[in-house]
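Worksheet for the structure shown next.
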Amino acid sequence: MAEDPFGWLDAAREQRANAGLVRRLRPRAADDTLLDLAGNDYLGLARDPRVTTAAGDAARRWGAGATGSRLVTGSTGLHAELEAELAAFCGFESALVLSSGYAANLAAVTALAPRQARVVSDADNHASLIDGCRLARAETVVVPHADPGATAKALAGHPGPALAVTDAVFSVDGDAAPLGELHRVCRQAGAGLLVDDAHGLGVLGRGGRGALDAAGLAGREDVVATVTLSKSLGSQGGAVLAPARVGGHLVNTARTFIFDTGLAPAAAGAALAALRVLRAEPERAERVRRTALALHRGLTSAGLSAARPDAAVVSVRAPSPQAALRWAADCRAAGLAVGCFRPPSVPDGVSRLRLTARADLTDAQVTRALRTIVSLAPQGA
């Protein structure tokens with residue numbers, strides 16, 4: 001009898017279980033009553049009636065799906081409207097909407113890193129940027145986290161195209177990249193700078209225009225940004241913000257744009273409505289930042305080890321993967337949803353609870369969340 005071709009999966013499952021690294025899907029109910037500090041709905045717009053109504057209206061007008069790739073039937077007037085307003089809001093010449101932020105990063109990295117190029121990637125970059133580097137035909141050099149000096153050394157002397165790639169705000173600890181310094185070393189080397197601003201849009205910059213706006217780099221001819229529509233804008237999808245010639249290049253070369261079905265009209269309509277809410281209510285961005293700092297103060301004053309947030313993400317260290325799992329489960333049992341990050345999702349191997357601030361959290365809810373997390377903290381946290 002032939003050997004079981006998937007028998008090795010049993011040993012892999014056992015290894016994960018022994019290390020406390022088993023992951024399971026947990027479907028949430030529509031009427032879930034948990035206080036949510038786990039999701040990425042930073043501006044509290046995912047259920048805003050203006051946003052959900054726009055999603056429904058778009059589905060009724062344009063259909064449930066885009067019906068094809070963007071280059072065939074998947075581009076609608078709604079997509080074009082979203083791209084124009086997103087580019088204008090963030091200060092770039094062009095925006096190109098894709099089906100996810102992951103797809104946007106794959107598109108940007110692979111299209112801007114031909115075979116003769118060198119890509120310099122921060123060691124703590126998001127998995128989508130890492131996968132983009134792996135798929136690109138270029139040479140990739142991984143440098144220490146948030147180290148412009150190491151980036152400069154890696155870029156030096158390369159005769160062909162070069163690109164530095166970084167998150168704007170890193171999703172594990174919530175710290176911000178030194179974008180000004182990175183841009184300086186890129187200019188000296190004649191390299192482009194690609195920034196994933198998934199966690200900056202809606203939180204940083206003037207009225208939530210993002211980390212590139214905050215750094216004074218939005219719209220520069222040598223800067224490209226990617227964003228998600230699924231965090232601050234409460235919808236789904238991603239976009240590449242870039243000089244017009246870069247956007248045109250992606251339309252013609254980026255495989256995750258050319259061969260993927262376009263973003264569903266409901267998601268495009270929701271994202272556009274959320275963007276308009278943010279433009280009309282810029283104070284939401286400041287509220288997110290204040291709430292994140294309040295969470296950090298409360299945690300550290302109680303003796304827990306929490307990273308100071310530069311945007312909306314606050315991480316709290318746990319002594320082990322098993323302890324992090326138990327801590328998160330205990331919080332859930334007490335009515336609080338928190339994120340639980342363990343290897344391989346954390347680049348330094350340290351397990352954490354990951355908390356996300358939201359603009360719609362009340363002071364009473366923040367106090368309740370802090371009381372729950374602190375009271376249930378494991379020994380050694």
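Within the 3.5 Å criterion, the main-chain N or O of Ala274 finds no donor-acceptor partner in the side chain of Arg50. Side chain of Ser235 to backbone of Ala267: a donor-acceptor contact under 3.5 angstrom is found. With hydrogens and angles disregarded, no donor-acceptor distance shorter than 3.5 Å links the side chain of Arg220 to the backbone of Leu217. No donor-acceptor pair under 3.5 Å is formed between the side chain of Asp167 and the backbone N or O of Asp196. Judged purely by atom type and a 3.5 angstrom limit, Arg70 has no side-chain atom pairing as donor or acceptor with the backbone of Ala66. Panel note: side chain Asp48, backbone Gly44; no donor-acceptor pair is recorded below 3.5 Å. Judged by distance alone, the side chain of Arg332 and the main-chain N or O of Val338 form no donor-acceptor pair under 3.5 Å. Side-chain N or O atoms of Asp213 include none that pairs as donor or acceptor with a backbone N or O of Gly205 at under 3.5 Å. The closest donor-acceptor contact from the side chain of His183 to the backbone of Gly180 lies at 3.5 Å or more, if one exists at all. No donor-acceptor pair closer than 3.5 Å links the side chain of Glu221 to the backbone N or O of Pro243.
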- Report the C-alpha separation of Val165 and Asn105 in whole Å, then their side-chain angles, then the decisive distance to 0.1 Å, and conclude whether the side-chain contact (heavy atoms from CB on, under 4.5 Å) test is met. CA-CA 10 Å; Val165 178; Asn105 274 340; over 6 Å; no
- Can you check side-chain contact (heavy atoms from CB on, under 4.5 Å) on Leu112 and Val224, steps first, answer last? CA-CA 10 Å; Leu112 295 176; Val224 174; 4.1 Å; yes
- Derivation and outcome, side-chain hydrogen bond (donor to acceptor under 3.5 Å, both in side chains), residues Arg354 and Ser315: CA-CA 4 Å; Arg354 180 180 180 273; Ser315 74; over 6 Å; no
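Residues Leu86 and Val227 are in side-chain contact: their nearest non-hydrogen atoms beyond the backbone lie under 4.5 Å apart. Side-chain contact check for Leu201 versus Thr228: every heavy-atom pair is 4.5 Å or farther apart. Within the 4.5 Å cutoff, the side chain of Glu93 has no heavy atoms near those of the Val246 side chain. Between Leu229 and Leu263, the closest side-chain pair of non-hydrogen atoms falls below 4.5 Å. Inter-residue side-chain proximity for Val223 and Leu212 is flagged as met; some heavy-atom pair is nearer than 4.5 Å. Taking the side chain as every heavy atom from C-beta outward, Leu43 and Glu281 never approach each other to under 4.5 Å. Residues Asp147 and Pro178 are not in side-chain contact: their nearest non-hydrogen atoms beyond the backbone lie 4.5 Å or more apart. When side chains are defined from C-beta on, Cys340 counts as touching Leu325, because their heavy atoms get closer than 4.5 Å.
The shortest non-hydrogen separation linking Ala189 to Leu155 is CB-CB, 3.8 Å. Between Ala138 and Val119 the shortest heavy-atom distance is CB-CG2, 3.9 Å. Nearest approach of Val313 to Ser171, heavy atoms of both residues: CG1-O, 3.7 Å. Between Val195 and Ala168, the shortest heavy-atom distance links the atoms CG1-CB, 3.5 Å. Nearest heavy-atom pair, Ala218 versus Cys90, reported as atom, atom and distance to 0.1 Å: CB-O, 3.2 Å. Contact record, Ala38 with Gly339: CB-N, 3.6 Å, taken as the closest heavy-atom pair.
At a threshold of 4.5 Å between side-chain heavy atoms, the hydrophobic network of Ile, Leu, Val, Met, Phe, Trp and Tyr places Phe89 and Leu233 in one connected group. Phe341 and Val316 fall into different hydrophobic clusters, where Ile, Leu, Val, Met, Phe, Trp and Tyr residues are linked whenever their side-chain heavy atoms come under 4.5 Å apart, directly or through other members. The same ILVMFWY cluster, assembled from side-chain heavy atoms under 4.5 Å apart, contains both Leu37 and Trp327. In the hydrophobic cluster analysis, where Ile, Leu, Val, Met, Phe, Trp and Tyr join through side-chain heavy atoms closer than 4.5 angstrom, Val240 is grouped apart from Leu193. Criterion: ILVMFWY side-chain heavy atoms under 4.5 Å apart, direct or through other members. Under it, Leu336 and Leu355 are part of a common hydrophobic cluster.
Under 4.0 Å is where a charged nitrogen must lie from a carboxylate oxygen, and between Arg47 and Asp41 no such pair does. Classification of Asp363 and Arg287 as a salt-bridged pair holds, one side-chain N sitting under 4.0 Å from a carboxylate O. Ion pairing between Glu283 and Arg290 fails under the 4.0 Å rule for side-chain N and carboxylate O.
Between the CZ atom in Arg245 and the CG atom in Leu250 there is a gap of 13.0 Å [rounded to 0.5 Å]. The CG atom of Leu163 sits 5.5 Å away from the CG atom of Leu194 when rounded to the nearest 0.5 Å. Distance CG/Leu78 to CD/Glu83: 10.0 Å, rounded to 0.5 Å. How far CG of Asn252 is from CZ of Phe257: 9.0 Å, rounded to the nearest 0.5 Å. Taken from CZ in Arg118 to OG1 in Thr140, the straight-line distance is 10.5 Å, to the nearest 0.5 Å. In this structure, SG in Cys331 is found 10.5 Å from CZ in Arg326, a value given to the nearest 0.5 Å.
Below 30°, between 30° and 60°, or above 60°: for Phe170 and His145 the angle between ring planes is above 60°, a perpendicular geometry.
Screening Thr110, Val109, Ile130 for a side-chain contact (heavy atoms from CB on, under 4.5 Å) with Leu135, the sole residue that qualifies is Thr110. The side-chain hydrogen bond (donor to acceptor under 3.5 Å, both in side chains) test with Tyr42 is passed by exactly one of Lys231, Arg358, His199: His199.
No more than 12 heavy atoms of other residues, nucleotides or ligands lie within 6.0 Å of CD in Gln236, so this atom counts as exposed by the packing criterion. Crowding of Arg255 atom CZ: a count of heavy atoms from other residues, nucleotides or ligands under 6.0 Å not exceeding 12. In the displayed structure, Arg61 atom CZ is contacted under 6.0 Å by at most 12 heavy atoms of other residues, nucleotides or ligands. Sparse packing is recorded around CZ of Arg28, with 12 or fewer heavy atoms of other residues, nucleotides or ligands lying under 6.0 Å away. Within a 6.0 Å radius of CZ in Arg23, more than 12 heavy atoms belonging to other residues, nucleotides or ligands are found.
Using modelled atom types and a 3.5 Å distance limit, the side chains of Tyr102 and His126 yield no donor-acceptor pair. Asn40 and Thr356 share no donor-acceptor pair across their side chains, judged by distance under 3.5 Å alone. With no hydrogens or angles considered, a side-chain donor-acceptor pair links Thr67 and Thr73 at under 3.5 Å.
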